[in-house]
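See below for the structure under consideration.
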Amino acid sequence: MIKTSTAVTVGVAAFLVLLAAALGTDSLFRVHAWIVFLVLAIATIVLLRQSQAVTALAPSEGAPNQYMDGVVRYGVIATLFWAIAGLLVGVLIACQLAWPEFNIPPYFNFGRLRPLHTSAVVFAFGGNALIATSFYVVQRTTRARLWGGDLAWFVFWGYQLFIVMAATGYLLGITESREYAEPEWYVDIWLTIVWVAYLLVFLGTLVVRKEPHIYVANWFYLSFIVTVAMLHLVNNLSMPVSLLGSKSYSAFSGVQDALTQWWYGHNAVGFFLTAGFLGMMYYFVPKQANRPIYSYRLSIVHFWSLIFMYIWAGPHHLHYTALPDWAQTLGMVFSVMLWMPSWGGMINGLMTLSGAWDKLRTDPVLRMLVLAIAFYGMSTFEGPMMSIKAVNSLSHYTDWTIGHVHSGALGWVGMISFGAIYHLTPKLWGRTALYSLRLVNWHFWLATLGIVVYASVMWVSGIMQGLMWREYDDQGFLVYSFAETMAAMYPYYVMRMIGGALYLSGALVMAYNIYKTIRGGAPVVAHVPAAALQAAE
């Protein structure tokens, strides 16, 4: 139940933000503070005046014999909302590349919408998917209720506030200009508080578990939570100009700053977009296939080798820069080595379907999960290949990298998240099945076609870019100007937009399907198995 004390706390926070808006030392900080105040004020009113309506959506789950699924339900809805928002902005910026007229300064130009798109897809869509599924999985695999009472609700709503603060900051131009880490210092501090609460909820649930064994999915989720916290704290070390101002300066400079940034950037991919979603794979693929994981021993080898190797791979983003050559080579070597544990995990996921491959003909949700694993395997082969210096000299700074990133983001992260939500929704809302498997099939093919079109044209255009940029005449001058390379990119940018629009249309089909599924059933209260309660006595 949403308590009145929570509303009072949010109200006090709104008042403090109002003071910050009044006393802010720069106009951007004041505008941002007013936006946050508005969000908190609305939240306070909703909590005070509509608590019964909110409780109807998230029934009281205070009994120790009941799983805390209300926050998971909200997480599913938030995941879908941010997925559509992030993909919509992605299609818009794809239009801006093909038709510059779509740039509307100052707030809706490419420079401000691009980080909005990446953060909305990675942190808003992906982050909500990870929080929701991790809360669901850790309860079922430990046979214990989420630890910390309403702390899980704080994590959910606190994370939504972080998303709003970050997104509005990008549009206003409040940014540290760090890839995947654009929010300014005060937003970083808020995220740190929320993330520590997330760690406490997850770790506390593992401590009070009724199941003696910790299932491997929880190891991947826990590594994602802990490592992202470490990356966030180090990469965002900075000194604010004023405690009531938006501007700060990084604690690092020069090549040290670049190395810190890509130690963070690549491991954000490695632990946020890989380890966390592997936790999703290790739970939902066996569940949907109704088969045990192919090899539990292989999953443990997969976990420890991935955790050890990934953290060293960041320098491969800095080939042919001022970074010492030995550090570049170290990043390349560890990146190539990563191919082995990554494919070990892919094989483990695919072989889980041994004896159940026929289900792919009749189960589009399982088909979606298997396609995600296939894209995981492809991306984790392409990434190490692109880290090799000879290949990187052609691919770096080109759209080949964009194609690689999106084949992983749309193919692996997107499809595994969609499959998990399709699996969760009927269970959370008391339905025997999804509203329409035919719509799931439509989603599958729209998304698959969108990924193939998007990634393929970016691979082709990226290689073309690289070849044009390195073309010299017999006197040593560049053959093609930058304007000529951009003109050659035009048809590929149009196809890129079409591929993104197809993927977005699949997400809209999914949203309708999930909406109809939820509307057709009432929320159910899931109980902890009686055997677990007896064992705890």
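All values derive from a computational prediction rather than experimental measurement.
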For atom [atom1] of [X], decide whether the heavy atoms of other residues, nucleotides or ligands shown that lie under 6.0 angstrom number more than 12.
{"X": "Trp445", "atom1": "CH2", "value": "no"}
{"X": "Lys359", "atom1": "NZ", "value": "yes"}
{"X": "Trp312", "atom1": "CH2", "value": "no"}

Discussion item. Assess the residue pair Lys427 and Tyr136 against the criterion (side-chain contact (heavy atoms from CB on, under 4.5 Å)); give the C-alpha distance rounded to whole Å, side-chain angles, the decisive distance to 0.1 Å, and a yes or no.
Written reply: CA-CA 11 Å; Lys427 298 179 182 298; Tyr136 181 89; 3.5 Å; yes
Just list the side-chain donor-acceptor pairs under 3.5 Å for residues 273-285, sequence neighbours left out, or say none.
from: Thr274; atom 1: OG1; to: Val269; atom 2: O; distance (Å): 3.0
from: Tyr282; atom 1: OH; to: His302; atom 2: ND1; distance (Å): 2.8
from: Tyr282; atom 1: OH; to: Asn348; atom 2: ND2; distance (Å): 3.4

What are the two closest non-hydrogen atoms of [X] and [Y], and how far apart are they?
{"X": "Gly411", "Y": "Ile451", "answer": "CA-CD1, 3.6 Å"}
{"X": "Gly403", "Y": "Ala455", "answer": "O-CB, 4.1 Å"}
{"X": "Val122", "Y": "Phe272", "answer": "O-CE2, 3.3 Å"}
{"X": "Thr352", "Y": "Pro286", "answer": "CG2-CA, 4.1 Å"}
{"X": "Thr362", "Y": "Leu437", "answer": "O-CD1, 4.5 Å"}
{"X": "Ala152", "Y": "Val71", "answer": "O-CG2, 3.7 Å"}

State which residues pass side chain to side chain contact (heavy atoms under 4.5 Å, CB included) with [X]; sequence neighbours excluded, sorted by chain then number.
{"X": "Phe81", "answer": "none"}
{"X": "Met340", "answer": "Met337"}
{"X": "Arg438", "answer": "Ser436, Trp442"}
{"X": "Ala374", "answer": "none"}

Discussion item. Exactly one of Asn235, Asn236, Thr260 should register a side chain to side chain donor-acceptor pair (under 3.5 Å) with Arg178. Which one does?
Written reply: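 Answer to the side chain to side chain donor-acceptor pair (under 3.5 Å) test with Arg178 among Asn235, Asn236, Thr260: Asn235.
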Item to complete: Begin with the C-alpha distance, continue with both residues' side-chain angles, and end with the deciding distance and a verdict on ring pair (Phe, Tyr, Trp, His ring centres under 6.0 Å) for Tyr512 and Tyr515.
Response: CA-CA 5 Å; Tyr512 175 76; Tyr515 167 74; 7.0 Å; no
So does [Y] get a backbone contact from the side chain of [X], meaning a donor-acceptor N/O pair under 3.5 Å?
{"X": "Gln288", "Y": "His423", "result": "no"}
{"X": "Thr517", "Y": "Tyr435", "result": "yes"}
{"X": "Arg73", "Y": "Val76", "result": "no"}

Practice prompt. Run the numbers on Trp339 and Tyr310 for ring pair (Phe, Tyr, Trp, His ring centres under 6.0 Å), then give the verdict.
Written response: CA-CA 10 Å; Trp339 171 75; Tyr310 230 120; over 10 Å; no
Is any side-chain heavy atom of [Y] closer than 4.5 Å to one of [X]?
{"X": "Tyr422", "Y": "Val440", "result": "yes"}
{"X": "Arg519", "Y": "Trp429", "result": "no"}
{"X": "Val8", "Y": "Thr44", "result": "no"}
{"X": "Ser119", "Y": "Glu182", "result": "yes"}

Worksheet item: Taking atom types as modelled and ignoring hydrogens, do the side chains of Thr192 and His232 form a donor-acceptor contact shorter than 3.5 angstrom?
Response: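 Distance-only check passes for Thr192 and His232.
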Who are the side-chain hydrogen bond (donor to acceptor under 3.5 Å, both in side chains) partners of [X], not counting sequence neighbours?
{"X": "Ser417", "answer": "none"}
{"X": "Tyr296", "answer": "His213"}
{"X": "His32", "answer": "Thr168, Tyr186"}
{"X": "Arg367", "answer": "Asn441"}

Only distances under 3.5 Å count here; give the side-chain donor-acceptor pairs of residues 194-206 to other protein atoms, sequence neighbours excluded, each with its distance to 0.1 Å.
from: Trp195; atom 1: NE1; to: Ile225; atom 2: O; distance (Å): 2.9
from: Tyr198; atom 1: OH; to: Ser134; atom 2: OG; distance (Å): 2.7
from: Thr205; atom 1: OG1; to: Trp147; atom 2: N; distance (Å): 3.0
from: Thr205; atom 1: OG1; to: Val201; atom 2: O; distance (Å): 2.6

Worksheet item: Hey, would you say the Phe125 and Phe418 ring centroids sit under 6.0 Å apart?
Response: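 Ring centroids of Phe125 and Phe418 are less than 6.0 Å from each other.
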Worksheet item: Do the ring centers of Tyr264 and Tyr180 come within less than 6.0 Å of each other?
Response: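 They do not qualify: ring centres at least 6.0 Å apart.
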Fill in: salt bridge (charged side-chain N to carboxylate O under 4.0 Å, His left out) partners for Arg291, two or more places apart
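With sequence neighbours excluded, Arg291 shows a salt bridge (charged side-chain N to carboxylate O under 4.0 Å, His left out) to no residue whatsoever.
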Discussion item. Below 30° counts as parallel, above 60° as perpendicular, anything between as tilted: where do the rings of His406 and His117 land?
Written reply: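 Parallel: the ring planes of His406 and His117 meet at under 30°.
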Item to complete: May I ask you to decide if the ring planes of Phe156 and Trp153 are parallel, tilted or perpendicular, using 30° and 60° as cut-offs?
Response: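 Because their plane-to-plane angle is over 60°, the rings of Phe156 and Trp153 count as perpendicular.
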Practice prompt. List for me each residue that meets ring pair (Phe, Tyr, Trp, His ring centres under 6.0 Å) alongside Trp263, sequence neighbours excluded, and say none if there are none.
Written response: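 Trp263 satisfies ring pair (Phe, Tyr, Trp, His ring centres under 6.0 Å) with no other residue.
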Worksheet item: Given Met368 and Leu371, is the side-chain contact (heavy atoms from CB on, under 4.5 Å) satisfied, shown in steps?
Response: CA-CA 5 Å; Met368 191 170 281; Leu371 182 70; 5.8 Å; no
